Amino acid sequence: MGHIKSVLGVIIERSYFYGVIILDYDNYDESSSITDPSGFFAELESIYSDTNSGEADKSADSLLAELNAEQKAAVSHLDGPLLILAGAGSGKTRVITYRIAYMMKKHSVQPSSILAITFTNKAANEMKERITALVGDRARYIWCGTFHSIFARILRRHAELIGYSDNFTIVDTDDQVKLIKDSMKELDIPESKVKPKSVQYEISSCKNHMISPEEFKEDAAGDVYRLMVAKIYKRYSEKLVQNNIMDFDDILLNMSILLENNPDVLDFYNDKFKYIMVDEYQDTNLPQYRAIMLLASKHKNICVVGDDDQSIYSFRGADVRMILNFEKDFPGCKVIKLEENYRSTKTILEAANEVIANNTKRKSKALRTSGAQGDKIIVMNADDQVGEAYFIANTIKTMKQKGKFGYSDCAILYRVNALSRSVESALREKGIPFKVYGGLRFYDRKEIKDILAYLRLINDSKDNLAFERIINVPKRSIGDTTVEKIREIAIEENRSMFDICRDAASYSELSRVSAKLLYFVDLIDKLRAPIEEKSFRDYVEYVENESGIIEEIIAQREKKGEVVDRVENLKELLTEAAEFEKNHRVEKDEDELPVEITDDLDELENRTASTTSGLLTLYLENAALYTEGDSNDESEDFVRLMSIHSAKGLEFGSVFLIGVEESVFPSYRSITSEEDLEEERRLMYVAITRAKKNLFVIMTRQRMLFGQTQYNMPSRFMREIDPALLYKMGAERKPAKTDDAVVPMREDARKSIANALSSGFRKEASKKPKEGLTPDQIKAGMEVKHDRFGIGKVLKVEPVGGDALVTVDFDGMRKNMLLNSAGLKKV
DNA sequence: TTTTAATGTGTTTTT
DNA sequence: CACATTAAAA
């Protein structure tokens, strides 16, 4: 019965696809496989086939059979508000995904009426995958994503209602600071008086608490500094609207404003999203909270999941009270507590419980497990960060050799991203594959942003921010003064800077540089011209090559001895572009709009384009929200390195927690405030509970961080764990007492001899010629050997400025490398 | 006016 | 240490 119902549901919902299918039939080519873009055929296949024993075939009731009593209650709860307080490792994600699957299978809830929101891209991807595993392809109709991505999508639809147009740009923090600086310049506020970065922080904080520039000004009341900030805030806000730009905070803020001021829009989404789920609810801030409350106001079918002990985003305006007050927001709501932990050993759980018990502001609860006691927590006291790194590399290697863990079962977690460096080099040296998550986000890298700026300017010549970024990249002898002049003229005439550039010859102020400016205009025109002749991926590659960025990077590398291969990053961008194209390109009749915006809002989920320029537009819309694609990594066996923040929601067989020292963790910025300290403690709680079987805690006596050697005490949090749970290695040291006055030891020898020596060393090392194949020796198809990756086969050789970019296949792992620095040898 | 070299500065965590 | 801003040189 359930099957029949869901089949009907599918057919009704997908009936419009028949048109596409019939059209395709006309061009049907026997030799190729059937095109099945919607997955409709595949789905029919899986529904009707009894032989398919995949999880997608689970009946609604068999879903429940796998759950404990509390989980069952949560999953089968359909209507009305529901609060799930889920401790770490209590099967939270499982409950969410199963609940969605159950709603669809048991109650025939339309997937397009379900809204499932998480905080990070990683969590969203994970959720999508797991739901797909349960219900099959229908999962794609669920509105599942991060707050930012979903809200941005809705905002585009109704942009005009809040004074924007639908192609608004989303800018990251860097561009945000740039705009703030511009605003300050216009207001004649010197950067010596007010730091742009702290203004950025203030503004962000205002938006997170929904304080308007006017309100901020009133609050400032006479305070000279804050009045200046208020002015900048106001100017900055105007700038955003004028230039059709939103920053990250705006996406959340504008969403709640949109819903608040437009009853008809609210009404529409009230009806559309009949069921709303929010994961990590303890991390919501005010705008998010307001938006969610409005969205849920009609049906009140809202289910929030969270854990007050895992609230670690208060710096972003997250407010634990949101989850603590849920019962007040929805009197009589159902509350379910999940306290049974299925993840960690007793030892790990006890340690976590002991640590978090020291926090005063929390709902008291204790995780329990019926699992094994497990190994003690290994506490390693290393001499310095190098010793720390080698300890980890050796331990991982040993565990791998003994078959205890695979590489992908191991994670190295840290409080600050900067700690990853030394571990990276140790892992590299030992030949252990790894991947660093977070830190400098892929899309934040200079070279990536430069290319993106080219694409943005090609896509929209009015994008002044992009214009300013690349007008002199690579160097074209166009300096600040010239840019300043162009900007003034542009403001004066209310035209784009690129337009002014095009007419450079007609402005006397620009006559001297007009040749250079025109060269730039020609370049952009030249780049723009062949867009429709190429696939999206190839077009991006074309821009990378023709813009001269690659040449410049190579030139710089030669001079400075660049360690990071920026060219590799650019090639990685092509992979992303190809992936994007795969998901968003669709063949269409020529007379249709390049970008398909249907009136059916369900289709917004997967917007498509038929032309390359259309794809480019789509791609750029959300570029600021993208993270490095980590979905297809699952099969590979490698160690993961990430901050504790980004590890939330994940679990690993074996966790190495590094830098567990006072002033690193807890951070020196937190140790003065009791409240911040509690957040650090929650962070420690999150870190500990990531581990399933083994936890290694590593601290060092001396650490080189931010260019200075620090001598820190072991973290106070280690004192909170019963010593009986610990196995200590290395030199014995007492953890810091909570009330110890902590003096962050800073060596004030800024220009020490050591510094001078080491920098001299580096230059010398880079001069050393790399032995290995040269560009004229290497050919595609050749077998080569690499120090780290071993034997591989050359797939492609591409000459670039005296060097060559080679693509090598190392046993299924493809790597792009610059030949002169790769040190490849012929086999 | 732009490029280069020297000096200064800050450096949590994420979308 | 990495990066950004500032001062001197081209």
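First the proteins, then the strands, lettered A, B, ... as listed; each starts at 1. Worth saying up front: this structure is predicted, and the values here are computed from it rather than measured.
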Once you apply a heavy-atom cut-off of 4.0 Å, does [X] come out as touching a base, just sugar-phosphate, or nothing?
X: A:Lys181; answer: sugar-phosphate
X: A:Asp172; answer: nothing
X: A:Phe147; answer: nothing
X: A:Lys516; answer: nothing
X: A:Thr173; answer: base
X: A:Lys648; answer: nothing
X: A:Thr482; answer: sugar-phosphate

Assuming nearest nucleotide by heavy-atom distance, tell me which of A:His645 and A:Arg476 is located more 5' along DNA chain B.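 The residue whose closest nucleotide sits nearer the 5' end is A:Arg476.
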
Tell me which of A:Val483 and A:Leu625 sits closer to the 5' end of DNA chain B, going by the nucleotide each one is nearest to.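 Its nearest nucleotide being more 5', the pick is A:Val483.
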
Is the phosphate of [N], meaning OP1 or OP2, less than 4.0 Å from a side-chain N or O of [X]?
X: A:Ser646; N: B:dT13; answer: no
X: A:Thr481; N: B:dT2; answer: yes
X: A:Ser667; N: B:dT13; answer: no
X: A:Ser643; N: B:dT14; answer: yes
X: A:Asn622; N: B:dT15; answer: no
X: A:Asn417; N: B:dT14; answer: yes

Does B:dT15 have A:Phe119 stacked on its base, where the ring centres are within less than 5.5 Å and the planes differ by under 30°?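 So no, this residue does not stack on that base, at least one cut-off failing.
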
Backbone N/O of [Y] and side chain of [X]: donor-acceptor pair under 3.5 Å:
X: A:Arg487; Y: A:Met497; result: no
X: A:Glu621; Y: A:Thr169; result: no
X: A:Asn472; Y: A:Ser477; result: yes

Flag the pair A:Asp166 and A:Arg156 as a salt bridge only when some basic side-chain nitrogen lies within less than 4.0 angstrom of an acidic carboxylate oxygen. no

Kindly point out which of [options] is positioned nearest to the side chain of [X]?
X: A:Tyr668; options: B:dT14, B:dT11, B:dT15; answer: B:dT11
X: A:His148; options: B:dT13, B:dT15, B:dT1; answer: B:dT15
X: A:Thr146; options: B:dT15, B:dT1, B:dG10; answer: B:dT15

Over-ring placement of A:Arg640 relative to A:Phe652, 6.0 Å and 45° cut-offs: no

Would you verify whether the NZ or CZ of A:Lys207 falls within 45 degrees of the ring axis of A:Phe248 while also being under 6.0 Å from that six-membered ring's centre?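 Verdict for A:Phe248: no cation-pi partner in A:Lys207.
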
From NZ of A:Lys197 across to C1' of C:dC3 the rounded distance in Å is 9 Å

Strictly by Watson-Crick or wobble contacts shorter than 3.5 Å, is anything paired with B:dT11, and which nucleotide is it?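 Checking every strand shown, B:dT11 finds no partner, since no pair has both distances under 3.5 Å.
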
Pair assignment for C:dA9, Watson-Crick or G-U wobble, requiring both distances under 3.5 Å: B:dT2

